[in-house]
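Shown next, in structure tokens, is the structure this report addresses.
We use all heavy atoms of the structure for the numbers below, so side chains are in, but hydrogens, waters and symmetry mates are not.
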Amino acid sequence: ILLFFASAFLSLHGWAAGIDDEAAIHDEGDEITEAHDKQQKESEQTKTRGFPLIQPFVIQSQDGASSLRLSSGAQLRIIFAGYEDEAGLRDRESELTFGRLRASILAHFFEKRLSFHGQLNLVPGFLELIDLSLSYRFHPSLVLSAGQLKIPYSLSRAQSYSTLPLVNWGQTPRWFGGERQIGLAVGNAPGAFDGFLYRVGVFHGQNSRASFSNRLARVYGEELPNPSLLTESVGYGVVHPEFAARLGYGAKDFDWWMLRDELRGPLRSFFSVSSAYDLRPIETNDATLRLAVEFLSKWKGFGFSAQYHWAWVTLSEQTAGASTPLGYHGLQAEVVYSLHPRIDLALRYGLTQISEKIRKDAQRRADAIIADAPADERESLTLHYAKSGRVIQDEELSAGVNIYLLGRLLEWQSDISYLPVKLEGERSSRETRVRTQFQVQF
């Protein structure tokens, strides 16, 4: 908490000059060395937009070989939601909450070859470790990272929350990831190869934060633990190695880390494919194999992205030697238009479908657990597993507007969403949601 307020205080009192959009873009900790490759370019672009000159607090050696940066971010969010369940019963709720309250530290040594990144979630009652990693740049084409970081699955998830075209991530990444895990990854820095990106790694297999790639467990009526919580002793569980890789190719200097087209330039595109394979997935929790293809394009203020995912899942009662079935697949498409340097309009559509094999497997598992339980526990277990295997389709349609009051220093985002969930044997449940938030980055 002291780190958050200290970085905000020092930034506002002019210890450094120029909005550092790069700090906001890379505060998620994935491929943290990219900040330095793109920092100068981003700074020059920022100066042309006429925003006030404020950036995070930075301590730097005289020769520039070492530096320490403190930064923070906060989202104050208001949510209004209306629900209609499968029985037709309706309910409403509203909430004022911190969407995020983050503090981070980024340090560089030895002429920026060695980098350290740490980030905490400081939402009251939810103290959490988000990122903790080291990176070493042997060569621009070979950067090694180790620690708790995002696995290289899905190019869109390598972006930061602070550059999203809508208030928060869509429904589709909640199903597929890429989540944070503990592991090792190697990749190239931007600019090492014209228009080409690669990143591969091996990870311990345990989802370090329960916010992404968590919907499979819910199909089975379970909830993933959150080992990153510092207020509880959960533990990281059994190691089951997972390999992940991402390749990308497109226009030289394509700024894939955000969807908006700040340069309003000519048509340019970027393509990416990524995959994750778990050697010993935990039943009900982990997909055995995930595959994603993504396409991004920008043109004269328009930004467009489309992604499609497949996930193969080992059944809880799968026969030895049987092929692993396709468990679920989904898509997401987003469009953003920069109506003005300070105003963006955005649309998102997402759809995920769950296979019948997975649904039936979840129902059989729930029935077996209930049947084997003591008589006095069966009623509570029946209620707990009432929706196991019933979700057929998860859908999202959202529209929103972003207003950059002070660049990324202060941003006002609002969106409205229609979220139907198709259930087996019942009418769909529906949610209509309106969100508005102020986002601050120091």
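Proximity of a side-chain donor or acceptor of Arg348 to a complementary backbone N or O of Gln332 within less than 3.5 Å is not detected. Side-chain atoms of Asn121 never come within 3.5 Å of backbone atoms of Ile130 as a donor-acceptor pair (strictly under, hydrogens ignored). Here the side chain of Gln437 pairs no donor or acceptor atom with the backbone of Leu76 at under 3.5 angstrom. No donor-acceptor pair closer than 3.5 Å links the side chain of Tyr328 to the backbone N or O of Leu216. Between the side chain of Thr231 and the backbone N or O of Phe126, no donor-acceptor pair lies under 3.5 Å. Side-chain atoms of Ser160 come within 3.5 Å of backbone N or O of Ser162 as a donor-acceptor pair.
The minimum heavy-atom distance between Leu184 and Ala146, with the atom names listed, is CD2-CB, 3.2 Å. In terms of heavy atoms, Leu267 sits closest to Ser297 at CD1-OG, 3.4 Å. Counting all heavy atoms, side chain and backbone alike, Leu127 lies closest to Leu122 at CD1-CD2, 3.6 Å. Here the closest heavy-atom approach between residue Ala217 and residue Asn285 is recorded as CB-OD1, 4.0 Å.
Taking 4.0 Å as the cut-off between side-chain N and carboxylate O, Arg364 and Asp361 count as a salt-bridged pair. Looking at Glu95 and Arg435, no side-chain N of the basic residue comes within less than 4.0 Å of a carboxylate O on the acidic one, giving no salt bridge. Of the charged side-chain nitrogens involved, at least one lies within less than 4.0 Å of a carboxylate oxygen, so that Arg209 and Glu128 count as a salt-bridged pair. The pair Lys298-Asp255 meets the salt-bridge criterion, since a charged nitrogen lies less than 4.0 angstrom from a carboxylate oxygen. By the 4.0 Å N-to-carboxylate-O rule, Arg390 lies too far from Glu424 to be salt-bridged with it. Taking 4.0 Å as the cut-off between side-chain N and carboxylate O, Arg268 and Asp261 count as a salt-bridged pair. Taking 4.0 Å as the cut-off between side-chain N and carboxylate O, Lys422 and Glu395 do not count as a salt-bridged pair.
Looking only at atom types and distance, the side chain of Arg433 has a donor-acceptor partner in the side chain of Ser417 under 3.5 Å away. Side-chain contact of Glu242 with His240: a donor-acceptor pair under 3.5 Å is absent, judged by distance alone. Side-chain contact of Ser71 with Ser104: a donor-acceptor pair under 3.5 Å is present, judged by distance alone. Ser429 and Glu84 share no side-chain donor-acceptor pair at under 3.5 Å.
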Verdict with reasoning, His309 to Tyr153, per ring pair (Phe, Tyr, Trp, His ring centres under 6.0 Å): CA-CA 10 Å; His309 302 259; Tyr153 176 84; 5.7 Å; yes
Residues Phe270, Phe254; criterion ring pair (Phe, Tyr, Trp, His ring centres under 6.0 Å); working and verdict: CA-CA 7 Å; Phe270 201 88; Phe254 188 93; 5.7 Å; yes
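Using a 30° and 60° split on the angle between ring planes, Phe212 and Trp169 fall in the perpendicular class, above 60°. Between Tyr308 and His329, the angle of the ring planes stays under 30°, which puts this pair in the parallel group of the 30/60° scheme.
Contacts of Thr288 classified as side chain to side chain donor-acceptor pair (under 3.5 Å), with partners at least two apart in sequence or in another chain: Thr314. Residues forming a ring pair (Phe, Tyr, Trp, His ring centres under 6.0 Å) with Phe271 (at least two apart in sequence, or on another chain): none. Checked against ring pair (Phe, Tyr, Trp, His ring centres under 6.0 Å), Trp412 has the following partners two or more places apart in sequence or in another chain: Phe438.
Phe243 has its ring centre no less than 6.0 Å from the ring centre of Tyr277.
Using a 4.5 Å heavy-atom cutoff, the side chains of Glu179 and Ser208 are not in contact.
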